[in-house]
Amino acid sequence: MSKVKDGTSFSSSIGFILSSAGSAVGLGNLWRFPYLASEYGGGVFLLVYLILTVTFGFTLIITEVAIGRKTGLGVIGAYKSMHNKFGFLSTIASLVPIVILPYYSLIGGWVTKYMISYITGQGSIMSNSEYFHNFTSNTLEPIVYLLIFLTITTLIVLFGVQKGIENVSKFMMPILFLLTVGITIYALTIDGVSSCVKYYLIPNFSHFSIKTLLSALGQLFYSMSIATGVMITFGSYTPKDINIVKSVNQIELWDTIMAFLSGLMIIPAVIFFEGLENMGQGAGLMFITLPKIFNEMPNGHIVGGLFFILVFFAGITSAISMMEAIVRILMDRFSLKRTSACILILISNFILGVPSSLGYGVWEHIKILGMDILSFFDFLGNSVIMPIIALTTCLLVSWFCNVQSIIDEIKFGGVTFKKEALYKAMIKYVCPAFILAILIFSLLEGLGIVVV
């Protein structure tokens with residue numbers, strides 16, 4: 001098990017922040033957050049999400065970053081280095097990016113297809129409700145775009161931490177932010193749209209329910225790359241002179257702003273053009289509802305093109321972080337060179353991504369626990385494995401290791417840690433309870449059991 005060598009760490013705090021923010025700001029912000037916010041109370045969901053971000057989210061992210069930097073190891077060695085009895089957690093944690101990246105890349109391929117189509121002036125065709133189904137049920141075309149997306153991701157990761165991931169994140173993240181701000185401002189200036197903002201921005205506590213809390217928790221968990229192996233991997237690349245308290249705060253700020261703007265960009269426009277009841281979720285929102293809206297709004301073909309460029313950037317920055325986590329796993333466990341690891345990941349993820357694609361077409365009849373192939377892998381990764389890893393990590397740090405050792409790593413170099421008391425309470429009691437609630441809620445929801 002090797003620690004990080006010179007030249008394979010982030011060159012600066014801004015490199016670490018933007019790379020980590022790029023991992024967090026992915027498709028979950030753009031297609032899951034607006035749906036959940038609209039479904040579970042609008043403004044009150046947003047308020048709950050913001051409170052959880054600075055407490056629950058902060059605790060879990062800074063813990064993983066601190067473990068990575070303290071041990072200097074990726075997920076394969078980090079947990080065992082913390083405590084001999086937790087070596088098993090390395091194997092479980094390794095499964096997350098391996099399970100998620102193939103189907104995530106398939107969705108990235110869909111985004112690539114839509115981006116190219118809008119750029120080439122074919123956006124109006126995609127406003128047809130049947131277009132998305134016809135595209136995804138095609139045997140060959142989605143697989144070609146899966147390969148394109150995976151190849152782009154692999155080429156970036158092939159260049160390494162600084163020249164690949166860090167440089168691309170420094171380029172893409174500011175553009176992603178500017179595109180989000182620009183599209184949001186434009187959407188809100190369309191006559192009538194601004195009148196639909198109230199539901200999203202003003203909390204109405206009569207809309208609060210236990211599902212509001214659980215859904216906000218689940219979204220936070222999903223969108224911030226918690227328990228994916230990414231933050232431990234990136235933490236292992238983080239130099240000791242970087243203030244990780246300040247850095248994690250800025251990562252959260254990036255993610256929260258992007259989630260907030262995504263809701264502001266999408267929810268009022270959907271309410272105005274289609275009605276709140278037609279918001280849709282996931283792929284339905286991204287690839288069916290929004291193309292309809294772009295077709296109805298002034299200059300919608302241009303807005304649609306810019307939007308899918310934005311989504312493509314968000315997808316790529318998340319995909320490269322997941323692929324890097326797998327690269328580190330292969331390099332640590334099998335002593336592979338980066339080039340060999342990247343080629344192996346490209347081939348294996350393409351092979352693993354094909355069944356998820358065919359599950360929308362010729363394998364549509366295949367169901368696992370009542371779910372199509374892509375949905376099953378999403379359920380397995382996000383609803384089962386990730387909460388188990390996060391829960392076990394909390395138990396490792398708070399009950400089997402000295403929590404002070406993590407705090408000492410956070411405070412290394414004289415860093416002020418004002419949330420120390422809050423952190424201790426969160427990691428020991430609150431976070432485990434919340435994660436257990438997420439796990440139970442996600443399992444019941446995934447299995448189709450109604451949760452009141």
Less than 6.0 angstrom separating the ring centers of Phe308 and Tyr118, yes or no?
yes
Should the pair Arg32-Glu39 be classified as a salt bridge under the 4.0 Å nitrogen-to-oxygen rule?
no
Looking only at the side chains, is there a donor atom on one of Arg333 and Ser94 sitting less than 3.5 Å from an acceptor on the other?
no
Could you tell me the separation between the CG atom of Leu106 and the CG atom of Leu352, rounded to the nearest 0.5 Å?
12.0 Å
Is the distance from the ring center of Phe33 to that of Tyr35 below 6.0 Å?
no
Do the two ring centres, one from Phe234 and one from Phe16, sit under 6.0 Å apart?
no
Could you tell me whether the side chains of Thr63 and Tyr423 share a donor-acceptor contact shorter than 3.5 Å?
yes
So among Ile100, Ile98, Ile92, which one has a side chain to side chain contact (heavy atoms under 4.5 Å, CB included) with Val96?
Ile100
Give me the one residue out of Ile232, Ile326, Val230, Leu95 that meets side chain to side chain contact (heavy atoms under 4.5 Å, CB included) with Val75.
Ile232
Scan side-chain atoms only and decide if Ser223 and Tyr49 contain a donor-acceptor pair under the 3.5 Å cut-off.
yes
For the pair Lys292 and Glu296, find out whether any cationic side-chain nitrogen is under 4.0 Å from an anionic carboxylate oxygen.
no
Ile347 and side chain to side chain contact (heavy atoms under 4.5 Å, CB included): which single residue from Ile351, Asn349, Ile345, Leu344 fits?
Ile351
So, do Phe307 and Leu179 sit near enough that their side-chain heavy atoms are less than 4.5 Å apart?
no
Given side chains that start at C-beta, do those of Lys211 and Phe45 come closer than 4.5 Å, heavy atoms only?
no
Taking the ring of Tyr360 and the ring of Trp110, is the distance between their centroids below 6.0 Å?
yes
For Ser23 and Ser225, does a side-chain donor sit closer than 3.5 Å to a side-chain acceptor?
yes
Classify the side-chain pair Asp372/Ser375 by whether it contains a donor and acceptor separated by less than 3.5 Å.
yes
